[in-house]
Amino acid sequence: MKRRDFLSGAASAVAAWFSRSAFAAGDDSMPMHDMSKMNGMASMSGMHDAMQGSELAPVDALPAGAPLASLRTLVNESRTPGEFRATLLAQPVARALVQGQRDTVFWQFDGGLAAAGKGDTSGPVVGPLIALREGDRVEIRVVNRLEQPTTMHWHGLPVPPDQDGNPSNPIPPGGEHVYRFTLPKGSAGTYWYHPHPHMQTAEQVFRGLAGPIVVRAADDPLAAWPERHLFVSDLKLAADASIAPNSMMDWMNGREGQFVLVNGAREPRIEVVRDERWRVWNACSARYLQLAFDDGRAFAQVGTDGGLLAAPRDGLTALVLAPGERAELIVRAGQGASQARWLATQYDRHKMAMSHGSLPPGPNVVLADVRFAPGADASRADASAADKSAALPASLRAIAPLGPARAQKSVGFSEAMDMHAMHQPGASTRAMPLGMKFMINGETYVPGRATLTSRRGDVENWTIANGTDMDHPFHLHGTQFQVLSREFDGRRIAEPYLAWRDTINVRPGEIVHIATVQHEAGDRMFHCHILEHEDLGMMGTLRVI
Ligand code: C2O
Ligand code: CU
Ligand code: CU
């Protein structure tokens with residue numbers, strides 16, 4: 001397999017220059033004959049800005065160490081049991097974020113009952129939590145107060161294709177749309193919502209448009225566990241506290257800002273006095289979260305994207321959440337007071353360098369400071385409740401394997417870099433950069449064109465093959481799938497446990513085998529959940545007939 005397709009042979013000198021200028025600060029050694037190839041480029045620093053982005057706010061520009069903020073909650077306007085009705089506004093909202101700088105303008109989701117004028121700044125920028133129950137009839141009106149089209153996508157939920165915010169169903173600026181769906185039994189799990197407009201998903205999400213959904217079951221075996229919600233997002237702020245635009249490198253590797261936020265804040269403090277159930281969302285555009293505690297303490301995983309596992313996976317010390325993925329964890333208070341930092345530890349996803357080779361992985365990131373104080377809040381009654389919750393049920397629910405398969409599908413990720421086009425004047429100052437192609441089955445996304453066709457109700461086995469040299473998280477709309485096995489270096493390893501997922505990471509050279517079924521006719525998107533790659537065309541349409 002070729003490392004990368006560099007389509008333009010003439011660009012090698014330029015590419016070599018880029019690899020130096022992009023990663024060695026203040027390189028002014030470029031020979032003049034190379035300089036002439038930059039025709040029209042304003043200056044070295046202008047070029048550097050385009051590649052890496054302009055100057056950023058320092059990492060301590062945002063305060064750390066505040067108690068973890070609770071998420072805002074979307075108010076149910078319906079009084080009828082089994083019905084959820086609400087309004088969500090997508091609108092620009094100014095927040096005083098960095099001291100001594102101007103306000104940061106986010107694009108934010110607000111409940112229709114809250115602060116319709118200026119937006120709700122009483123809680124985190126994260127969209128309000130939508131708390132639903134299996135069986136609920138849901139009706140959510142989305143009002144677009146942005147200056148560009150948007151849609152609302154219910155990531156992971158089994159909603160009808162025409163209610164799922166496909167890019168082909170935009171809400172124009174100033175417009176609104178009512179989304180309607182009913183949640184079936186078995187859909188309890190941890191989901192999220194975010195816009196999905198054609199080629200503008202990345203920007204709308206990195207400016208703040210994303211929020212959590214929890215669907216609960218009447219027979220949840222973990223209902224007694226205290227629940228904590230940790231919505232992890234990424235923020236890239238320019239020195240003047242504005243949200244920085246994407247640089248060329250952001251488009252290529254997916255955007256990673258200098259801040260990783262949990263419920264909208266940097267390194268919050270968490271106090272754990274009893275064993276807790278954590279729901280964790282990776283709502284970052286491109287950042288992988290390898291979750292671990294810095295003292296190596298163990299935790300259990302009890303759920304994936306689509307709800308509970310059949311049985312807990314206990315004794316984990318690390319768990320990778322790719323962009324878009326969620327997990328349910330059990331974090332124990334332990335014996336006696338202690339303290340640990342909750343980290344996203346170094347994970348090598350093989351980010352591209354501008355010429356050849358890969359960038360080294362970034363350093364560990366502190367997500368939160370956790371103090372464990374078992375029984376600290378306890379009256380006697382509470383203490384005995386804590387004792388009870390320490391025993392995790394050995395089985396959580398039944399998950400039947402999907403099958404047998406009636407059809408087979410192949411999805412292949414590939415990429416091509418046209419270095420010549422990438423280095424044209426203005427190549428990266430456009431909304432979308434020139435010269436980068438991220439493809440599925442050899443093609444970039446074309447609106448309305450079916451990449452694959454499936455029959456409603458047919459269980460299918462899909463192979464997702466990553467023919468590129470960096471990780472890509474595969475995501476399929478409208479359903480939850482099961483991973484069957486993973487093939488790497490000629491070895492095929494059966495997935496050791498059953499789980500419902502809608503997003504699965506695929507490493508370079510890996511082939512992931514999944515079983516999946518769609519229950520309704522219509523178009524479903526599937527794509528890489530690095531949002532820049534999705535916008536650049538690493539997306540296809542599954543036409544269900
Ligand atoms: Cu969360 Cu089509 O994506
Ligand atoms: Cu989705
Ligand atoms: Cu990707």
Side-chain angles (χ1 to χ4, degrees), residues 4 127 150-159 161 163-169 179 181 189-202 204-206 209-213 231 233 250-256 281-288 305-306 321-326 349-352 411-417 436-440 444-445 447 451 464-481 500-508 510 512 516 518 523-542:
R4 256 146 204 151
T150 191
T151 79
M152 187 66 97
H153 171 54
W154 315 101
H155 180 126
L157 283 179
V159 313
Q163 302 299 310
D164 207 13
N166 283 348
S168 53
N169 304 127
Y179 293 88
F181 50 87
T190 308
Y191 305 92
W192 58 306
Y193 59 95
H194 63 77
H196 221 297
H198 185 45
M199 291 183 168
Q200 284 165 314
T201 299
Q204 292 191 11
V205 173
F206 78 60
L209 292 172
I213 302 173
F231 194 87
S233 62
D250 291 334
W251 281 109
M252 190 160 71
N253 287 317
R255 175 185 177 102
E256 291 184 8
W281 287 260
N282 185 351
C284 301
S285 300
R287 188 183 291 277
Y288 281 61
D305 305 321
L321 277 195
E325 259 191 292
R326 293 85 65 208
R349 64 182 180 93
H350 308 281
K351 284 187 264 190
M352 269 190 262
V411 171
F413 289 140
S414 62
E415 67 197 20
M417 299 297 132
M436 292 178 203
K437 277 188 162 182
F438 290 92
M439 296 169 282
I440 285 184
T444 53
Y445 173 68
T451 314
I464 327 293
N466 183 353
T468 79
D469 291 291
M470 75 169 118
D471 289 36
H472 297 281
F474 169 84
H475 169 54
L476 172 60
H477 286 199
T479 191
Q480 295 286 319
F481 54 75
W500 292 112
R501 303 173 183 277
D502 56 57
T503 307
I504 185 74
N505 189 49
V506 192
R507 293 178 293 159
E510 189 177 32
V512 175
T516 182
Q518 295 281 348
D523 283 357
R524 298 290 189 181
M525 318 311 299
F526 57 96
H527 57 88
C528 171
H529 218 285
I530 289 176
L531 297 178
E532 282 73 21
H533 294 171
E534 176 201 327
D535 278 353
L536 286 169
M538 199 174 245
M539 177 158 76
T541 301
L542 172 66

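For ligands, and for the atoms within them, numbers begin at 1 and follow the listed sequence. Every heavy atom of this structure was used, including side-chain atoms; hydrogens, water molecules and symmetry mates were not.
A cation-pi arrangement is found for R255 relative to F206, the charged atom lying closer than 6.0 Å to the ring centre and inside a 45° cone about the ring normal.
For the side chain to side chain donor-acceptor pair (under 3.5 Å) test with T150, the passing option among Q204, H194, Q200 is Q204; the others fail.
Taking backbone and side-chain atoms together, H153 has an N/O/S atom less than 2.8 Å away from the Cu ion (ligand 2). When distances to the Cu ion (ligand 2) are checked against a cut-off of 2.8 Å, H194 contributes no N, O or S atom below that limit.
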_Working for side-chain hydrogen bond (donor to acceptor under 3.5 Å, both in side chains), residues H196 and E534_ = CA-CA 10 Å; H196 221 297; E534 176 201 327; 3.3 Å; yes

*Please assess M417 against M252 for the test side-chain contact (heavy atoms from CB on, under 4.5 Å), listing each intermediate value before the final yes or no.*
CA-CA 9 Å; M417 299 297 132; M252 190 160 71; 4.3 Å; yes

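A donor-acceptor contact shorter than 3.5 Å is absent between the side chain of W251 and the backbone of E532. The closest donor-acceptor contact from the side chain of Q480 to the backbone of R501 lies under 3.5 Å.
Counting only protein N, O or S atoms, the number found under 2.8 Å from the Cu ion (ligand 3) is 3.
The shortest distance between side-chain heavy atoms of T451 and F526 falls below 4.5 Å.
Between H477 and H153, the two ring planes are parallel [angle under 30°; tilted spans 30° to 60°].
Around atom 1 (Cu) of ligand 1, the protein atoms of type N, O or S that sit closer than 2.8 Å are H155 ND1, H194 NE2, H529 NE2.
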